[in-house]
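Inspection log for the structure reproduced underneath, given as structure tokens.
Chain A is the first sequence line, chain B the second, and so forth, proteins listed ahead of strands; every chain is numbered from 1. The figures that follow rest on heavy atoms only: side chains count, while hydrogens, waters and symmetry mates do not.
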Amino acid sequence: MTELESRFNFKEIDEKWGKYWESDGVFRAKVNPDKKSFTIVIPPPNVTGILHMGHALNNTLQDILIRYKRMTGFETLWMPGTDHAGIATQNVVEKQLAKEGKTRQDIGREQFTELLWSWKNKYGDTIIHQLKKLGSSCDWDRTRFTMDDEYSLAVKEVFIRLYHKGLIYRGEYIINWCPRCHTALSDEEAEHKDTAGKLYHIKYPIKGETGFVVVATTRPETMLGDTAVAVNPEDQRYASLRGKILMLPLVNREIPIIEDAFVDPAFGTGAVKVTPAHDPNDFHMGRRHNLRFINILYPDGKINRNGGQFHNMDRFVARKAVVEELDKLGLLVKIDEHSHAVGHCYRCNTVVEPYLSKQWFVKMAPLAQPAVKAVEEGRIKFYPDRWTKVYMNWMENIRDWCISRQIWWGHRIPVWYCQNCPEDKNMIVTSDAPAVCPHCGSKDLKQDEDVLDTWFSSWLWPFATLNWPKASKDLKYFYPGSALFTASEIIFFWVARMIMAGIEFMGDIPFSEVYIHGTVRDALGRKMSKSLGNAIDPLEIINEYGADALRFSLIINSGQDLYISKEKFEIGRNFANKIWNASRLILMNAKTIDPQFDLSKADLDLASQWIVSRMFTTVKRVGDCIDNYRYSEAESLINEFFWSQFCDWYLEIIKDQWDNPVIQNTALKILENSLKIIHPFMPFVTQELWAHIHPEQKDLGLQNWPKVQERLIQTEIENKMALIIELVTSIRNTRAEWNVKPAQKLDCVFVSDKPTIKSSLKETENAVVKRLAGLKSIEIRDDFPAQKNMASGVIADIKFYLSLEGAIDMEAEKRRILSQIEEQTRLMDGLNKRLSNEAFISKAKPEVVANDRQRLVELGEKIKKLKQIIADLE
RNA sequence: GGGCGCAUAGCUCAGUUGGUUAGAGCGCAGCGUUCACAUCGCUGAGGUCGAAGGUUCGAGCCCUUCUGUGCCCACCA
């Protein structure tokens, strides 16, 4: 065994093991009929992404579970990969192009796509490299990309299957249009944000009369596309207007007054302008009433020729201009402040427009139904449970999914149009480009220009990564997966859709447990973001504190959103350091190592039995915690065991017993098992130490989780030790109160008339208590009165006296004891009161009552002893 | 407009079927270093568990209302 450096040099060690894990395929997953499989698919980060704290948290959680499962005997697959992130990636490359003063249209589709690929090949794996720095134990050989050739086959296959099933259709509908990205978005991709806007009240003159109808709108420029005004049929105020025609100002179009129950008489004026091409509600009204659909916008958000004098103005410029013009004409009644939710593009934050266009949609209701059932029946569980409701609510109100995007980066829609055939019969839906039209034989075919929504490929991730639709042993063995880890924002985009796709195409759910973790925020509770400049870079933390510190600190409070500042990572750094140094101590002293050493057969002293008992208790509870996604609790248990018990007590106790081989072997055994249970949380430091101890069996992550030996979990031993700890602590406390210097050793007398206590004291007298409490001598007596110049205390059935010679003020010492009596009496009074309550005795659980009675006796004893001390001193 | 969280020590948070004297880390105070670790050790101070009601022998935990705060969903123009 080589000696350890005096400091934990995480930089070197992180790099060493990071490289090793990556290159040696340690975490390669293979079909193994002798083991159960345990699969996690990574939420594929965008190729544009760089590692942020959210990723760090997400991947640490996955790594903890996968490493734990690997050590507990599962064949684990953690499938890594990246997502092509259509709009986001295209935006990045377009921006780059813009620096050269070019647009994608300038260079054309083919060249632009090439540019995207070369960008992806150059930068797309950045985040994968960063994930490796975290210690993520993925099977890196399997790394997939949502636009790999094989993956693309799956995407096409799914489109074609759904099309033939009648679940994919094409049609002209109102969708969310991002004028900056020039594409349609799904409903989920339009983020509604509360915005302080204005409600404009405008007069529409009645044709041939002098009167007006006043309508209210938040988007006055859309009036250019109005083709009706609607009122509620029940609304008496407008009854006289039935059948009349209005003159739409500015464009002088004649538009009818229609009646529709949708209109809420209580809102605004009770009269609604109807713009069927630019509002979802108006769209439906337009259909119901056979209105004209007039599109007034170019795809870039400028007013088109239908806008007359406003042609070529940006929509927001036009808004102002329209209002000014109306005001000039005396048609503007008033402008109210009005707060409402406005949709924004989730990729570029531009205000989206409801826009009429021809798009592809997936009919979702039939897919949703079995996915709802799977959760209802508990085959899929959410952690924490409250997300179940969120999922259900969305699924039960699911709307059709707009899947076509007017961008160039993505899976091209596998549809060709015959230029010869009539419009409703010209569609050829097929995986590969057809040579001729199957209907007319024409070679004049054109592929659909659009690509598919990125999520239309991501929703296949759990099986497309295993090369579906090809059948394989891998697919059969590793699907369905076990757990999925993600943030709540992704439930609709991805989790729900994966469940639907899994059931539809694999006939089985893709995973059985979904763990929703919190959002990482800064110390003020703000979401970390580049633009706010409040982001803490995980790589910087890895560099300054180490990957283990990053992981451990992120997990320590992971129940909900976590607020972090840089100092927080000291928690993990300090713990890693503690592990390192405790190991150093043990490895320096454990020289007589017996490979056959067996804790259950060795003859152990009290302290050793105690730490063994504590260890197995901890192993058991940590395993339970991980199985139940209670990672922060697992870390607390580990911290408590390793630091507060193993280091602070056991290693201190055995400090003068290193010449005893049993002690050496015990300490080493405890260390080894500790390294194992800490490993999922802090893989680097534990791996490094393990390799020092066992150079021959290098990979700690491939070792077995410690087997709990129930027989060695002993409550009596733990109680005995607890008494000694209490005794030592109490003596230390008394010393501190009297300002006794640590170097000064005291004579001590223990007094107890209980033989059991006395025997337990004897066992530990010479070594433990004496050294840890800083005593010169210990005398055990059946009886001994309190003395002047001695400080006293009572622990359980034991009175102790510390000889302080002249350094003690007896009046102050009496006051100290009296205040203890007071405190104990207060507790006893409370207990007495409860125990004299009839209702408590008869209704409380018997063990609770018994426990209280026992405590009452103990308190009485203690008070008696304290009083005796006072009496002695009088 | 609906729904879901959160509120416990100066700070960040635990507290799993209601049951001893509500815990941890950081911070703070005192003491301590030729000892594996000052990224450390020992000792300590610090909380009427957001408010008010209620259920119960017993409430930080269950119920109701309120206040503050955060998030999600939603086609009132």
Please list, for nucleotides 17-24 of chain B, all pairs of protein and nucleotide N/O atoms separated by less than 3.5 Å.
residue	atom	partner	partner atom	Å
B:rU20	O3'	A:Arg855	NH1	3.3
B:rU20	O2'	A:Arg855	NE	3.1
B:rU20	O2'	A:Arg855	NH1	2.8
B:rU20	O2'	A:Arg855	NH2	2.9
B:rU20	O2	A:Arg855	NE	2.6

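- Looking at residues two or more places apart in sequence or on another chain, you find a salt bridge (Lys or Arg N to Asp or Glu O under 4.0 Å) between A:Glu544 and A:Lys566.
- When the side-chain nitrogen and oxygen atoms of A:His192 are compared with OP1 and OP2 of B:rC72, none of them lie within a distance under 4.0 Å.
- Residues passing the ring pair (Phe, Tyr, Trp, His ring centres under 6.0 Å) test with A:Phe642 are A:Phe646, sequence neighbours excluded.
- In terms of the side-chain contact (heavy atoms from CB on, under 4.5 Å) criterion, residue partners of A:Asn733 (sequence neighbours excluded) are, by chain and number, A:Glu737.
- With sequence neighbours excluded, the residues forming a side-chain contact (heavy atoms from CB on, under 4.5 Å) with A:Tyr355 are A:Ile175, A:Trp177, A:His278, A:Asn295, A:Leu297, A:Pro299, A:Ser357, listed by chain and number.
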Pairing pattern in dot-bracket form [Watson-Crick, G-U; both distances under 3.5 Å; | = partner strand] for RNA chain B: (((((((..((((.....[...)))).(((((.......))))).....(((((..]....))))))))))))....
Scan nucleotides 39-45 of chain B nucleotide by nucleotide, 5' to 3', and note B when protein non-hydrogen atoms come under 4.0 Å of the base, S if they reach only the sugar-phosphate, - if neither. BSSSSS-
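- Scanning for salt bridge (Lys or Arg N to Asp or Glu O under 4.0 Å) contacts around A:Glu570 gives an empty result, with sequence neighbours left out.
- Checked against a 6.0 Å centroid threshold, the rings of A:Tyr346 and A:Phe493 count as neighbours.
- Applying the salt bridge (Lys or Arg N to Asp or Glu O under 4.0 Å) test to A:Arg319 and every residue at least two apart in sequence or in another chain returns A:Glu221.
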Counting primed atoms, P, OP1 and OP2 as sugar-phosphate and everything else as base, the B/S/- map of nucleotides 2-9 of chain B against protein heavy atoms under 4.0 Å is -SSSS---
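- Partners of A:Arg237 by salt bridge (Lys or Arg N to Asp or Glu O under 4.0 Å), not counting sequence neighbours, listed by chain and number: A:Asp235.
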Identify all side-chain donor-acceptor contacts of residues 852-860 of chain A below 3.5 Å with residues at least two apart in sequence or on another chain.
residue	atom	partner	partner atom	Å
A:Asp852	OD2	A:Arg834	NH1	3.0
A:Gln854	NE2	A:Glu858	OE2	2.9

